[in-house]
Every structure is written in C-alpha cells, then in structure tokens.
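Reading through the structure tokens given below for one structure.
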Amino acid sequence: MLRRALSLCSGLLGRRPAAGDGFRDELAFWDRQLSGLGAYAEDVRRRSTPSLMPLVYPHYLEPLLEEVRARTGAPPRVLDAGSGPLSMWADGAEHQRIALTCSDALADAYRELLARHGLRPRYPLVQCAGEALSARFGEAAFDVAWMHNALDHTQDPGAVVRELVRVLAPGGYLVVQGWCREGTAERFIGLHRHDLWVEPPGRLMLRTLSDDGRRLSGPVAPCDGLGLELLEASAPSRTPRTWMKLVWRKPAAGYASTATRGASAQSPSRS
C-alpha cells in the first residue's frame, strides 16, 4: 500500500521536481506514525479517537469561532490547509461546531495510508497544493484559514499566503503557526527549503534556498500589502525551533471585530 501511495506521489513529483525526496520522506513518516510505531503515535491517536480529539483541538481560537457564529448564524467554515492525513480540528467537525475542509498536496496518497491503517476521518481531505487553493475552492470560501506547521513545507510560501487570503471571506481569520527557521534547523533537506520567523511588530519573514542549493534569498515579508489586520503575534524570534503563531483578520467594510486578541498559544504538534 505504501508503494501505491508513493506511486501517487510520483505524479505530484512530475510537477514538483525540487520536492521529490521530501514528499517520499513525508509519506514514509506518516506511514510509520499511522501504524502506531512512530514518535508521534500518541498524537495520531488523539486526532483519530473521538474521546481524545478535544486534547488537540485548538480551543484557544474559540473566541474567533464564536464571533463568526454570531455574525453569520452558521458553523464557521474552517480550512485546514496542509493538514496532513489527520486534522487537529476533528473534534469540532465530529460535533458539527464547525464545517471542516482539509487540503493537502498529498491528500490522495494520505487517503491510501489511512485506509491501510483502518482510519476513516469523517471530514473531507481534498487533494490540493497550497498554491492552488482559490482555483480549487473559489474565493471567500472559508471563515477561518489555518496552517499548522506546514507553510515552510510548501513550494512557494508567498504564493500560499496569497491563496489563503483569497479563499478567506471578508471578516475571516488567517492563522499561521509553526517552527521558526525550520529550514536552518533541518539543514534545508527535503521539504525544508524555507526559513520563516517573526520580526517586530509581528511581521512574518521568509527566505528560501535556491534550487541549486547555493544561496538563500534575501528576506521578504509575504503578508505585506495584503490588507490584513494583525490580531496576535508571538514574540519576535530568529532562533531556530522557536514556536511562532500569528493571527490576522481580513477586513470587511463596515465590520468591527469583537474577537479576543489575547488567546494563549497551544503546545505544538506535528501536522
């Protein structure tokens, strides 16, 4: 079954040659975790067992979700972009508090692995690279767009951020969290070709290793110019493996946010 998943991955690799070994490594990693033998097996159990799902659900974002419910009169539409095979939002989907959609560039291969290990999540897992979200889902399709420990795994993080903003409805919330400078920490091997970090006053910064592996791009700020209102940011840090979290709101004309700004950070886990 892993061979079949790797074959599916090869179709992706034809369009993404720079990520080849990284995608294969990611599938092999998740095959081991889903088997219950990996270092993150307990995290898998929490994401896949209904009674344990509240342990990984991002409760600290509940004030934002409540604001959306009050404003729209409907369960918030949540996009877990780069979700991996199992979402941290599963508890909300199980109890219909949110309308959850997960997307990942390896979704088809992940479904093969999930079936192999007897896991059947009850929310959609859609094959879609982060750089193509609006083409797949349309604009203004979600009230919350979330990316957990995944932006630095993408081919073009700047393009992904722009796509996350496109699929976000006016008045919606964008949440990005992960490890600072993971590319440096992982020696820019496999999918880890980017460094992300936070500079004052809560500015997300990015630099990328060139395809030939010889140089790093000058730092850019991928959220600048997108019209986002910063609600929350982790303390500025360039230290590798420091956890960062940023929350923005996409403004809407005549709309004033009542969302809480001081939500506390959740302990990190692998996506």
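These numbers were taken from a predicted model, which means no experiment stands behind them.
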Are any of the side-chain nitrogens in E163 or R136 under 4.0 Å away from the carboxylate oxygens of its partner? no
Between R47 and L86, is there a donor-acceptor pair closer than 3.5 Å when you use the side chain of the first and the backbone of the second? yes
Just by distance, do the side chain of S217 and the backbone of T208 share a donor-acceptor pair under 3.5 Å? yes
Under 3.5 Å, side chain of T49 to main-chain N/O of S51, donor-acceptor pair present? no
Before we go on, tell me: are the rings of Y57 and W89 under 6.0 Å apart, centre to centre? yes
Does the ring-ring contact (aromatic ring centres under 6.0 Å, His included) test come out yes or no for W243 and H148, once each step is laid out? CA-CA 11 Å; W243 190 250; H148 171 87; 5.5 Å; yes
With hydrophobic residues grouped by side-chain heavy-atom distances under 4.5 Å, do L246 and V220 end up in a single group? yes
Short question: side chain of Q33, backbone of Y40 - any donor-acceptor pair under 3.5 Å? yes
Using only atom types and a distance under 3.5 Å, with no angle test, would you say the side chain of R249 pairs donor to acceptor with the backbone of L231? no
Hydrophobic cluster identity match, L209 and L204, side-chain contacts under 4.5 Å: no
How close do C102 and S87 get, heavy atom to heavy atom, and via which atoms? SG-CB, 3.5 Å
Testing the basics here: between V198 and S234, what is the closest heavy-atom pair and its distance to 0.1 Å? CG1-O, 3.8 Å
Salt bridge check, D91 against R97: does any charged N sit closer than 4.0 Å to a carboxylate O? yes
Check the side chains of S83 and D104 for a donor-acceptor pair under 3.5 angstrom, ignoring hydrogens and angles. no
Is H194 reaching over with its side chain to a backbone N or O of H153, donor-acceptor style, under 3.5 angstrom? no
Is D31 salt-bridged to R116, going by a charged N under 4.0 Å from an acidic O? yes
Under the ring-ring contact (aromatic ring centres under 6.0 Å, His included) rule, collect the residues that match up with W197, sequence neighbours excluded. none
Should L79 and L226 be regarded as members of a common hydrophobic cluster, given that ILVMFWY residues are connected when their side-chain heavy atoms come within less than 4.5 Å of each other, either directly or indirectly? yes
Of all heavy-atom pairs between G82 and A150, which one has the smallest distance, and what is that distance? O-CB, 3.6 Å
Using modelled atom types and a 3.5 Å cut-off, is there a donor and acceptor pairing between side-chain atoms of K250 and backbone atoms of L168? yes
Salt bridge (Lys or Arg N to Asp or Glu O under 4.0 Å) evaluation trace for R162 with E131: CA-CA 8 Å; R162 293 190 294 274; E131 296 85 351; over 6 Å; no
When every non-hydrogen atom of L114 is compared with those of P85, the smallest separation belongs to CD1-O, 3.5 Å
Under 3.5 Å: donor-acceptor pair, side chain of D195, backbone of G183: yes
Does V160 form a side-chain contact (heavy atoms from CB on, under 4.5 Å) with M147? I'd like the steps, not just the answer. CA-CA 10 Å; V160 173; M147 206 159 203; 3.8 Å; yes
Between E94 and Y123, a side-chain donor and acceptor under 3.5 Å: no
Dump the intermediate steps for side-chain contact (heavy atoms from CB on, under 4.5 Å) on L164 and W146, then the final yes or no. CA-CA 8 Å; L164 288 167; W146 144 288; over 6 Å; no
Electrostatic pair R193:D152 at N-O distance under 4.0 angstrom: no
Ignoring hydrogens and angles, tell me if any N or O in the side chain of R77 forms a donor-acceptor pair with the backbone of A141 under 3.5 Å. yes
Using the rule that two of Ile, Leu, Val, Met, Phe, Trp, Tyr join whenever any of their side-chain heavy atoms come within less than 4.5 Å, decide whether V176 and M205 are in one cluster. no
Closer than 3.5 angstrom, by distance alone: can the side chain of Q127 be matched with the main-chain N or O of A105 as a donor-acceptor pair? yes
Kindly work out whether a path of hydrophobic side-chain contacts (I/L/V/M/F/W/Y, heavy atoms less than 4.5 Å apart) joins F29 to L27. yes
